[in-house]
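This is the structure I want to talk about, given as structure tokens.
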Amino acid sequence: MSWIAIKMLVGDRAKFLGIVIGLTFAAALITQQGSIFCGLMLRTCALISDVTGADLWVMDPGVRFVDDVKPMLESNLDRVRGVNGVKWAVPLYKGNGRAKLTFDPGDIKAATYPPDVLRREREGPPRSPSPSNVFTKGLDLFAPASGDFSTPPPRWYDPAEVNVVESVILLGVDDSSMVGAPPGGPVIGPGERGRMWVGTLEDLRRPESIVIDRVGLRKLFPGCHLEEPFADPPESDEAYVARLRAFLRSAPEIEMNDRRAVIVGVCEATRSFQSSPVVYTLYSRAKRFMPMERKMLTFILAQTADDEGGKKLPPEIVAERIRRATGLGAWTSENFTYRTIKYYLIYTGIPINFGITVFLGFLVGTAIAGQTFYNFTIENIKQFGSLKAMGASNGRIVAMILLQAAVVGAIGYGIGVGLSTLFGFKTLDRWGNPTELAYFTPWQLLPITAAAIVFICVLASLVSVQRVVRLEPAVVFRS
Amino acid sequence: MPADAPPKADSSPAGPSVAVRVRGLTKHFGRGDQLVKALDGVDLDLYSGQMSLIVGPSGCGKTTLLSVIAGILDADEGEVAVFDEAITKMGDRAKTRFRARRIGFVFQQYNLLPALTAAENASIPLVIAGWKKGPAVAKASEVLASIGMAKKVGSLPSQLSGGQMQRVAIARALVHDPQLLVCDEPTAALDHETGLTVMELLRESAVRSDRAVVVVTHDNRVFHFGDRIAHMDDGRVDKVEDRAPDRSAA
Ligand SMILES: Nc1ncnc2c1ncn2[C@@H]1O[C@H](COP(=O)(O)OP(=O)(O)O)[C@@H](O)[C@H]1O
Ligand SMILES: [Mg+2]
């Protein structure tokens, strides 16, 4: 009977498409909105996941999430070091710095752009500037309307780019161990081992030096053509790194708290919620980049020691000990992540807003798919009636309807999840890193979407099933 | 109350035996003001090896009677035995199984599934009986070929004329070799000529010594196809005619 059910289903092409589109819509909307939501939630914990090498985060007991900066006295560092089970503990400064762009990008542009790139810029296909792209302004400045490059345009930079103040996330890592700094080594795409595009951590030991993340750098120096976004074929990583190197050779700098900060390295940072540029420097230097306060220690990063048997102590237990001994907040990275996400879930309207969208998608999908499926069954009621008259049992007819529901459900789920995954991939940059749009699909989202689709299908088919089961086979003789 | 005597009851060992026995059958629809007495104490015997017609004006209860005989409608009172099995006493499941095994249906509106080809449509009773698609469709194609539809096995109902669709429906009704064939107004949707050929086809292919064919019709131009004609009016069988086995009349 199953082949009859399938033929009945796809035989009515318009209805079939209607049902599938409804379910696709629901599945796509649920997965997509869910993924954006999860992506955003993940961004709130970007710093926690970027700090590697330490098990434990220690902080003021009032800190509820990672961006909730409540500095402590530096004496707390020794108190934590004194707790049994702590192998080592180092300071981590985190603050919102103000970077002043004192810098004329024109000089750098002339210095960093090789002649062939300049030529390509001039002769390449016309580019459609996209408003979302931070390079647009730079490109427009760069390619004069006349197309004549023999005489440089009068200004190489937008004066508005100079003396602008940008907010940055300032991170100061322990001067000697540098725990919390991005792991060195080249970036090799998503899940990379190293996170440094150019420069090494040792470069941070040079006076006044800072390391900035790639996206932040682009944001701070939009006129400098640090990437060639419209290049076709796309620029190679080597070319990109070479350009960054040339850029750094011209010793670009910013000003923080009236002090000079020289950029010596470019790293990759996970996108954060605020998406401000991330500036890494040493702890002692970070304090000087900020106005002086009595309390400057934001976090303490600690590692748990091994027990007598040489096995690692469970970090949860050491965290508990620190909390009890010092009265500070102490969490494993994982727990701190949960606390941060929980804070955003409870105290921001974000989940409600997304929940409404997901629920609407669910409702609309249910309405479209359920209604079309029901119509489909009702229109076929006479066919089901004649099958019943000819001796098909209710059970087999119910099985036919459920099979039809399962088929449209599976197709709708597949297309919907596929579409939103495709959409998710489209939001990544060429290294597979998230861009402006947060998007992350945890595997749990897939069964949740599947459950929603199953629910819609079961609901739609139940209504149809009870109509067909109650159907008197005698209807077949009524014209 | 004596049952009508079967004609030539003793003429041959395979002679007509009672296939359908109806006794005191009543059926009401609705209630109160709306109450309709569709069947009002019907007694009737129908025989194997014959084509029986149930005739009468529209609304006299023919379809209701046929539905009860075929086991798709429950009567209020009375008994119906089909090949000695009392279907009025069967439960729903037993009746469903009984229909699947023993009864072939031909409907006025053909009731073919529009998404299935002629052969697939004709194979449905076999599929219901548990056959796999391949053998079922092959068997159905044979039956279609035997009634002159060999060229149409792959056609969809929408590509067939009314007469052709009714032929497919007849093939479907016969494919599983049922003992009782019930046809409700099989010619009513067809023009006169086509109606006659459909009736001829039923006579030739369906009537067998071990099978009873019951046709409900109000079309008096096809009465001469019947071996036994039950005239109904207002929920009752008024008169039962047995006709000569000679059916040269036309
Ligand atoms: N499901 C039903 N509900 C109510 N009345 C019905 C129903 N089926 C048949 N009837 C009534 O029962 C009577 C007999 O109907 P039917 O057996 O269809 O007559 P025929 O087939 O001879 O035209 C008619 O008056 C009809 O209106
Ligand atoms: Mg009728």
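Chain identifiers are assigned alphabetically (A, B, ...) following the order of the sequence lines, protein sequences preceding nucleic acid strands; residue numbering begins at 1 within each chain.
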Q. Where on E472(A) is there a heavy atom nearer than 4.5 Å to chain B: the side chain, the backbone, both, or neither?
A.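 Only the side chain of E472(A) comes within 4.5 Å of chain B.
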(Q) Tell me whether N380(A) contacts the main-chain N or O of Q383(A) through its side chain, where contact means a donor paired with an acceptor under 3.5 Å. (A)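 Here the side-chain-to-backbone pair does not exist.
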Q) Judged by atom type as modelled, is there a donor-acceptor pair below 3.5 Å linking the side chain of S205(B) to the main-chain atoms of L202(B)? A)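 Looks like no, no N/O pair under 3.5 Å.
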Q.
Within a 6.0 Å radius of atom NE2 on H218(B), are there more than 12 heavy atoms belonging to other residues, nucleotides or ligands?
A.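 Count not over threshold, so no.
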Q) Looking at side-chain heavy atoms only, is the closest gap between K7(A) and L113(B) below 4.5 Å? A)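 Not in contact.
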Q) What part of E120(B) is in contact with chain A, defined as an atom under 4.5 angstrom from a non-hydrogen atom: side chain, backbone, both or neither? A)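 Contact with chain A involves both backbone and side-chain atoms of E120(B).
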Q. Side chains of Y110(B) and N121(B): closer than 4.5 Å at any heavy-atom pair?
A.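 Heavy-atom side-chain distance check fails, nothing below 4.5 Å.
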Q. Among L116(B), T63(B), N111(B), which has the most heavy-atom pairs under 4.5 Å with chain A?
A.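 Most heavy-atom pairs within the cutoff with chain A belong to N111(B).
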Q) Does atom CD of Q444(A) have more than 12 heavy-atom neighbours from other groups under 6.0 Å away? A)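 Atom CD in Q444(A) is packed in, count exceeds 12.
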Q | Short side-chain to backbone donor-acceptor contact, R228(B) and L46(B), under 3.5 Å | A |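 Such a contact is absent between R228(B) side chain and L46(B) backbone.
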Q. Within the side chain of D76(B), is there an N or O that forms a donor-acceptor pair under 3.5 Å with the backbone of H28(B)?
A.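 Yes; judged by distance alone, with no hydrogens or angles, the pair exists.
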Acceptor/donor pairs from residues 391-416 of chain A side chains to any protein atom, 3.5 angstrom cut, sequence neighbours excluded:
from, atom 1, to, atom 2, distance (Å)
S393(A), OG, R396(A), N, 3.3
N394(A), OD1, K388(A), NZ, 2.9
R396(A), NH1, I128(B), O, 2.5
R396(A), NH2, V127(B), O, 3.3
Q404(A), NE2, A5(A), O, 2.9
Y413(A), OH, L446(A), O, 3.2

Q) Name the one of R211(B), R102(B), R101(B) that satisfies salt bridge (charged side-chain N to carboxylate O under 4.0 Å, His left out) with D177(B)? A)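 Among the candidates, only R211(B) passes.
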Q | Members of residues 8-41 of chain A whose heavy atoms come closer than 4.5 Å to chain B | A |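 Against chain B, the residues of residues 8-41 of chain A that fall inside the cut-off (heavy atoms, under 4.5 Å) are M8(A), G11(A).
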Q: Name the region of I103(B), side chain, backbone, both or neither, that has any atom closer than 4.5 Å to a heavy atom of chain A.
A: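 Neither the backbone nor the side chain of I103(B) comes within 4.5 Å of chain A.
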What pairs of donor and acceptor atoms, side-chain ones from residues 161-171 of chain B against any protein atom, are under 3.5 angstrom apart with sequence neighbours left out?
from, atom 1, to, atom 2, distance (Å)
S161(B), OG, Q164(B), N, 3.3
S161(B), OG, Q164(B), OE1, 3.3
Q164(B), OE1, S161(B), N, 2.9
Q166(B), NE2, F107(B), O, 3.0
Q166(B), NE2, P186(B), O, 2.9
R167(B), NH1, I147(B), O, 2.9

Q: Please answer whether the main-chain N or O of A70(B) pairs with a side-chain N or O of K95(B) as donor and acceptor at a distance below 3.5 Å.
A: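 No, the answer is negative, given that no donor and acceptor are paired below the 3.5 Å cut-off.
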Q: Against chain A, label R172(B) side chain, backbone, both or neither, depending on which of its atoms sit under 4.5 Å from a heavy atom there.
A: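 For R172(B), side-chain heavy atoms alone lie under 4.5 Å from chain A.
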Q: Spell out the residues in residues 82-91 of chain B that have some non-hydrogen atom less than 4.5 Å away from a non-hydrogen atom of chain A, in order of number; otherwise answer 'none'.
A: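 None at all.
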